[in-house]
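Okay, structure first, notes after.
Excluded from the calculations below are hydrogen atoms, water molecules and symmetry mates; all remaining heavy atoms, backbone and side chain alike, are included.
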Amino acid sequence: MAAIMPAVSQAAVKEISITSSQHLSTFYNTRNGNTNTLDRGEVGAIFGEGYSRLYEKFILPAYDPSVTLTSGLLWTPITARSMEVYLTDGNWVSFNYYTAPNPIGGLVAKTATNISQKKPIDLTEYLNKAYKNGTPVGFMMKSSIEGQNWTDFTGFPSGAQTLSLTFTSAVPEPETYAMLLTGLGLMGFIVRRKRKS
């Protein structure tokens, strides 16, 4: 006789929002060729001065095999001019301009310049792998006009970007447990009858 297994018909959903655990900016001075790493959030070009790149690091929740990350969205800020966002290695504590983490792959998004354009970037597949591997994730934001005669500099008092994560875990209904116990009791009754005969 086949065992009666619990059927999953409900799901527990948990949504969380994560801000960066750390952010650093690098600034390249085009007038003297000097470079600096700054413990603040700024990005963009300054006409006649140079340009900054912003790096942010996010620590994901500890992996739980009973929970699935079903949605991972990156929210970028509204900026005066559109900035470019790239994935980077998140395994850093600090760095200088020359050892800043390189982009992983190509451009993943551009920041919105007004509220009507603001929408999240779906990075569920990438974030799922990082969640399962227990690795932090990183993003680099830069101006698309670096080295040109324009200004699009933006400063942020704290982390510029936010991750919105949705986790889903299977939850059997109470009726399922009742069916399981009934099935186990029936199997025990059949076994006892066979032993008696």
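No side-chain donor-acceptor contact under 3.5 Å links Thr162 to the backbone of Trp75. Side-chain atoms of Ser25 come within 3.5 Å of backbone N or O of Arg40 as a donor-acceptor pair. Side-chain atoms of Thr124 come within 3.5 Å of backbone N or O of Gly72 as a donor-acceptor pair. Side-chain N or O atoms of Thr30 include one that pairs as donor or acceptor with a backbone N or O of Glu49 at under 3.5 Å. Remark: the backbone N or O of Ala160 is paired with a side-chain donor or acceptor of Glu56 at under 3.5 angstrom.
For the side chain to side chain donor-acceptor pair (under 3.5 Å) test with Asp152, the passing option among Ser144, Ser143, Ser82 is Ser143; the others fail.
By the 4.5 Å heavy-atom criterion applied to side chains, Ile121 and Phe139 are not counted as neighbours. Taking the side chain as every heavy atom from C-beta outward, Leu24 and Trp92 approach each other to under 4.5 Å. In this structure, Leu163 and Leu73 have side chains that are not in contact, with every pair of non-hydrogen atoms separated by 4.5 Å or more.
Between Tyr51 and Tyr28, the ring-plane angle classifies as tilted under the 30° and 60° cut-offs.
Atom NZ of residue Lys132 and atom CG of residue Leu60 lie 13.0 Å apart, to the nearest 0.5 angstrom.
Heavy atoms of other residues, nucleotides or ligands lying less than 6.0 angstrom from CG of Asn32 number more than 12.
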